[in-house]
Undergrad: 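What follows is a single structure, and I will ask about it in a moment.
Here, residue 1 is the first one in the sequence, and each next residue gets the next number.
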Amino acid sequence: MGRSFWFEWEVQLMQWLQSTLGGKFVTVADIITNMGEGVFLVAIIGLIYWGFDKEFGKYVGNLVVVGAVWNPMVKNLILRRRPYMDHAGIKCLKAVDSEYDIMDLSGQGYSFPSGHSTNSILCFTSLPTYLRNKYLVMLGIVMPLLIGFSRVYLGVHYPTDVIGGWLLGLVILLVVGNLQAVVKKRWHLNLIIFLISLVGLFYCRSADYYTSLGLMAGFYLAQEFEDKFIHFDNTSNIIKIILRVAGGIGLFLLLNILSKMPFSEKFLESATFSAYIVRFIRYFVVSFIVLGVYPFVFSKNRVK
């Protein structure tokens, strides 16, 4: 299952990194790689969206969810197997998805391009792009490099996966940026992007696509719901921001656990279309509640 192809220098580089750094760097690499994962990105987006600037949060969030969906759409076309699956000398030091066996391609997702690398470009590079702040430019350069390096060292991506992920992130920045310039109404833009993303239903057979599609749908509906019914204000109070973000992340994790409870572990881990649809619905509901309904707790409507 999947396709095996690589450049010899990639394998040699990865084996050299793992043998040279050994297991001592795993903790550090794990911390770095987590900065490109879902919970951390939710925290970043939540920090901006719930705290400092709602519109800026929507901008960054939109880019991240587009990357999260379009990345597995490309992966399911290329179907590249992960390095450790084909090379005994490369170890998987951190599974992509701990819910699945590390050799389960449908659960771990395909290798090219790197989703973490795409996320790092869309999240950290969008900050200086939106804010026009030259001091944040270094963040937009250093973080993608560190996250990309961690993915290679951990054995889950070839170097060309990382490069491909960076390039996809830059393409999405350009595509979404140009669409925003042409399509003035936000819900029209979101609808266009979502319809494009639905193409993956015809061929994507990996859990990451359905997870991300659910998050995208929930995020888009949450924006319209919040605009119509919630109307929360941003704040410069650090304590309030910390409480809002902590509450949002806690709710995200809790709902993720609760949404699994009606289903057996065997069903959730099965690579069946029905399991994927359940996964889509789960993450749609979680995303909508956390980003659309949860802000009611600190909205003006709640205060009244």
Side-chain angles (χ1 to χ4, degrees), residues 1-11 13-14 17 29 32-38 40-41 60 62-87 90 92-97 100 102 104-126 140-177 193 196-197 199-200 202-213 215-216:
M1 186 178 181
R3 297 171 182 160
S4 300
F5 57 94
W6 60 85
F7 294 102
E8 194 58 37
W9 65 266
E10 297 184 279
V11 178
L13 175 61
M14 296 180 72
L17 281 175
I32 294 172
T33 208
N34 283 337
M35 294 180 183
E37 293 190 352
F40 184 82
L41 295 177
V60 178
N62 190 42
L63 289 173
V64 170
V65 296
V66 171
V69 175
W70 289 9
N71 182 278
M73 287 176 68
V74 176
K75 284 183 176 180
N76 278 265
L77 289 174
I78 307 300
L79 302 177
R80 191 184 201 182
R81 289 165 58 86
R82 294 190 179 274
Y84 64 83
M85 295 179 174
D86 291 315
H87 306 283
I90 297 176
C92 175
L93 301 178
K94 178 181 171 61
V96 174
D97 193 330
Y100 298 88
I102 62 170
D104 183 352
L105 260 176
S106 64
Q108 299 299 331
Y110 296 99
S111 192
F112 181 92
S114 163
H116 283 67
S117 300
T118 300
N119 290 342
S120 66
I121 289 290
L122 294 174
C123 182
F124 296 106
T125 304
S126 65
I141 296 174
V142 172
M143 288 308 301
L145 288 173
L146 288 175
I147 291 172
F149 173 81
S150 73
R151 303 307 287 162
V152 173
Y153 164 72
L154 291 171
V156 291
H157 283 295
Y158 292 101
T160 47
D161 297 335
V162 170
I163 295 171
W166 290 335
L167 291 175
L168 178 60
L170 293 174
V171 168
I172 291 173
L173 278 173
L174 292 173
V175 170
V176 174
I193 292 173
I196 294 172
S197 302
V199 172
F202 294 100
Y203 67 92
C204 286
R205 291 298 176 265
S206 60
D208 50 359
Y209 168 74
Y210 293 90
T211 296
S212 301
L213 189 68
L215 290 173
M216 172 185 277

Undergrad: Who pairs with A95 by side-chain contact (heavy atoms from CB on, under 4.5 Å), at least two apart in sequence or on another chain?
TA: I102, Q108

Undergrad: Say you draw a straight line from CD1 of I141 to OG of S120; how long is it, rounded to the nearest 0.5 Å?
TA: 12.0 Å

Undergrad: Report, as yes or no, whether the 6.0 Å neighbourhood of atom CZ on F7 holds more than 12 heavy atoms from other residues, nucleotides or ligands.
TA: no

Undergrad: Using modelled atom types only, decide if a donor and an acceptor are shared between the side chain of S197 and the backbone of I193 within a distance under 3.5 Å.
TA: yes

Undergrad: Can you tell me how far CE of M85 sits from CG of D104, rounded to the nearest 0.5 angstrom?
TA: 7.5 Å

Undergrad: Which residues pass the salt bridge (charged side-chain N to carboxylate O under 4.0 Å, His left out) test with D161, not counting sequence neighbours?
TA: R80

Undergrad: Considering residues, nucleotides and ligands other than Y203, do more than 12 of their heavy atoms fall under 6.0 Å from its OH?
TA: yes

Undergrad: Whether the side chain of S212 engages the backbone of Y209 through a donor-acceptor N/O pair (distance < 3.5 Å, no angle test) should be reported.
TA: no

Undergrad: I'd like to know if the side chain of R82 reaches the main chain of V156, judged simply by a donor and an acceptor atom lying under 3.5 Å from each other, with no hydrogens or angles considered.
TA: yes

Undergrad: Partners of W166 by ring pair (Phe, Tyr, Trp, His ring centres under 6.0 Å), sequence neighbours excluded?
TA: none

Undergrad: With sequence neighbours left out, write down each residue that passes salt bridge (charged side-chain N to carboxylate O under 4.0 Å, His left out) with R205, or none if nothing qualifies.
TA: none

Undergrad: Nearest 0.5 Å please: distance from the CD1 atom of I172 over to the CG atom of L167.
TA: 11.5 Å

Undergrad: Would the distance check show the side chain of S111 and the main-chain N or O of H157 forming a donor-acceptor pair, the cut-off being under 3.5 Å?
TA: no

Undergrad: Please determine which of V171, V199, V175 meets the side-chain contact (heavy atoms from CB on, under 4.5 Å) test together with W70.
TA: V175

Undergrad: I'd like to know if the side chain of K94 and the backbone of L154 have a donor-acceptor N/O pair within less than 3.5 Å.
TA: no

Undergrad: Among residues at least two apart in sequence or on other chains, which ones pass side-chain contact (heavy atoms from CB on, under 4.5 Å) with V11?
TA: W6, E8, Q15, H87, I90, Y158

Undergrad: Which residues pass the salt bridge (charged side-chain N to carboxylate O under 4.0 Å, His left out) test with R151, not counting sequence neighbours?
TA: none

